[in-house]
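Data first, discussion second: the structure below is written as structure tokens.
The figures that follow rest on heavy atoms only: side chains count, while hydrogens, waters and symmetry mates do not. The structure presented is a predicted model; accordingly, all values stated were derived computationally and were not measured.
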Amino acid sequence: MHSSAVFLIEFGAIILGLGLLGRLAARLRFSPIPLYLLAGLAFGEGGLLPLGTSEGFVAIGAEIGVVLLLLMLGLEYTAGDLVSNLKTQYPAGIVDATLNALPGAAMALLLGWGPIAAVVLAGITWISSSGVIAKVLGDLGRIGNRETPVILSILVLEDLSMAVYLPVVTALLAGTGFAAGSVTLAIALGVAGLVLLVAVRYGRHISRFVSTDDPEKLLLVVLGLTLVVAGVAQQLQVSAAVGAFLVGIALSGEVAEGAHNLLAPLRDLFAAVFFVFFGLHTDPASIPPVLLPALALAVVTSLTKIATGYWAARRAGISAKGRWRAGGTLVARGEFSIVIAGLAVTSGIDSDLGPLATAYVLLLVVLGPLTARYTEPLALRLTGRRVRGAAPEAGAGPDALAPDQEASVGRP
């Protein structure tokens, strides 16, 4: 059979299967992400029926999926929102890094992998998955919730921290000298700062340049601009996700609303492809030998992420419900953790690090949507008496929610 015909059949089967899984998840009122991942496992390396011809296209589609997920999140908030949240939430970023990086470093040292592996595994356990969390927030209808800006602030702080972390890890793995590593780090920080400055100061001009009444032209310009910025950012050792998010932040008003409506179907398509791609590159046979340490690490860092989100939301004056939702939503790990693990595997630092990271991320990328949905009701059921009898939160302003209330913020 002709290769193009095989490609069309394989990729068409993937999309059709994703559609059916999405319908099943909707009937069960459940996030489709775990089903997408399991489908990827079934048709990936060591799976039931490995794909061949369409794998390269799926890889590109997965990268586009992450970019679109972060672009759509950025469209929900203004540059002023971003700066304000970063200024108020940076202590949460410090708490996040401390609570969630230390367990990974400790595990690597306990397994005897050495200090460089400890730095690598610390990053894997520290960084939440912006892609998974963006999808979960949309699936659960929480984009406008009071706790969502807190979640996004932590994610942005993590992503911006990657501009420092990734060059450092790359230099450590390559054995690069201090001078060369410092140059790489300086370039990464400069690019991240420049993109942020342009988004904050010149967002109105960018929106005016992009604005058009023709939906086709608006779609092409916004999508093209986002991919160019994301690609340049990644080439300069800054996360493509950060670049895409800041493009979304830079757009405002009618341009943001129009772009959101046009890009939503594309986001859903390529985001699904991203989760399938993750499963495709996981060999099920490599998971059992490292399952126990990965499971222990997943349990510990799930609790530390919940504690991080709860503390950050409480500090922002969010109600008990919102605090638990924030903590549960942050549990998922994904694309950044896999990128970090990939760097380590390529350098040959330890043969077990890659499978451990894969098993760990797979556990939490499946568990993350569950904790996002069920942490709040479970926690409130366990602490119901204390919450109902609690006095109003100290320091909570007049806009703080009562424990049984909801609210919405952000762009419509």
Side-chain angles (χ1 to χ4, degrees), residues 63-87 89 130-131 133-135 137-138 141-145 148-160 162-163 191-236 238-271 274 335 408-412:
E63 293 186 19
I64 295 174
V66 175
V67 167
L68 289 178
L69 282 168
L70 272 296
L71 169 66
M72 298 295 278
L73 272 184
L75 290 173
E76 295 290 339
Y77 298 94
T78 66
D81 294 333
L82 174 65
V83 173
S84 175
N85 288 330
L86 291 180
K87 285 181 178 178
Q89 291 299 329
S130 300
I133 292 170
K135 177 66 174 172
L137 289 173
R142 295 181 182 175
I143 293 294
N145 281 20
T148 299
V150 175
I151 296 170
L152 295 182
S153 296
I154 292 174
L155 293 179
V156 171
L157 285 168
E158 289 180 349
D159 288 349
L160 291 176
M162 286 294 96
V191 172
L194 177 62
V195 174
L196 180 60
L197 177 65
V198 170
V200 172
R201 290 197 174 183
Y202 304 103
R204 292 182 181 179
H205 300 289
I206 296 173
S207 295
R208 192 177 300 117
F209 169 76
V210 171
S211 179
T212 175
D213 294 331
D214 188 330
E216 177 185 353
K217 294 183 177 62
L218 179 62
L219 172 64
L220 293 173
V221 171
V222 173
L223 181 59
L225 177 64
T226 302
L227 293 175
V228 167
V229 172
V232 171
Q234 185 158 310
Q235 183 67 28
L236 296 174
V238 181
S239 164
V242 171
F245 183 82
L246 293 177
V247 170
I249 288 290
L251 302 178
S252 60
E254 294 182 0
V255 172
E257 184 176 353
H260 188 283
N261 295 334
L262 291 170
L263 289 167
L266 284 178
R267 172 202 59 189
D268 295 337
L269 169 63
F270 286 106
F274 163 71
E335 59 276 6
S408 295
V409 295
R411 292 178 181 154

Test of understanding: with side-chain contact (heavy atoms from CB on, under 4.5 Å), list the residues that count as partners of Asp214, not counting sequence neighbours. Thr212, Glu216, Lys217
Any chance you could measure [X], atom [atom1], to [Y], atom [atom2], to the nearest 0.5 Å?
| X | Y | atom1 | atom2 | value |
| --- | --- | --- | --- | --- |
| Leu152 | Ser130 | CG | OG | 9.0 Å |
| Leu71 | Ile64 | CG | CD1 | 12.5 Å |
| Leu266 | Leu223 | CG | CG | 6.5 Å |
| Leu251 | Leu225 | CG | CG | 7.0 Å |
| Ile133 | Arg142 | CD1 | CZ | 11.5 Å |

Can you give me the closest heavy-atom contact between [X] and [Y], atom names plus distance?
| X | Y | value |
| --- | --- | --- |
| Lys135 | Leu69 | N-CD2, 4.1 Å |
| Arg267 | Met72 | CD-CG, 3.6 Å |
| Leu157 | Gln89 | CD1-O, 3.5 Å |
| Val67 | Ala230 | CG2-CB, 4.0 Å |

So, Ser211 side chain and Ser207 main chain: donor-acceptor pair closer than 3.5 Å or not? no
Please check this pair: side chain of Thr148 against backbone of Gly144, looking for a donor-acceptor N/O pair closer than 3.5 Å. no
Determine whether Thr226 and Leu263 make a side-chain contact, defined as any pair of heavy atoms from C-beta on separated by less than 4.5 Å. no
Considering only heavy atoms from C-beta outward, does the side chain of Leu262 approach that of Val222 to under 4.5 Å? no
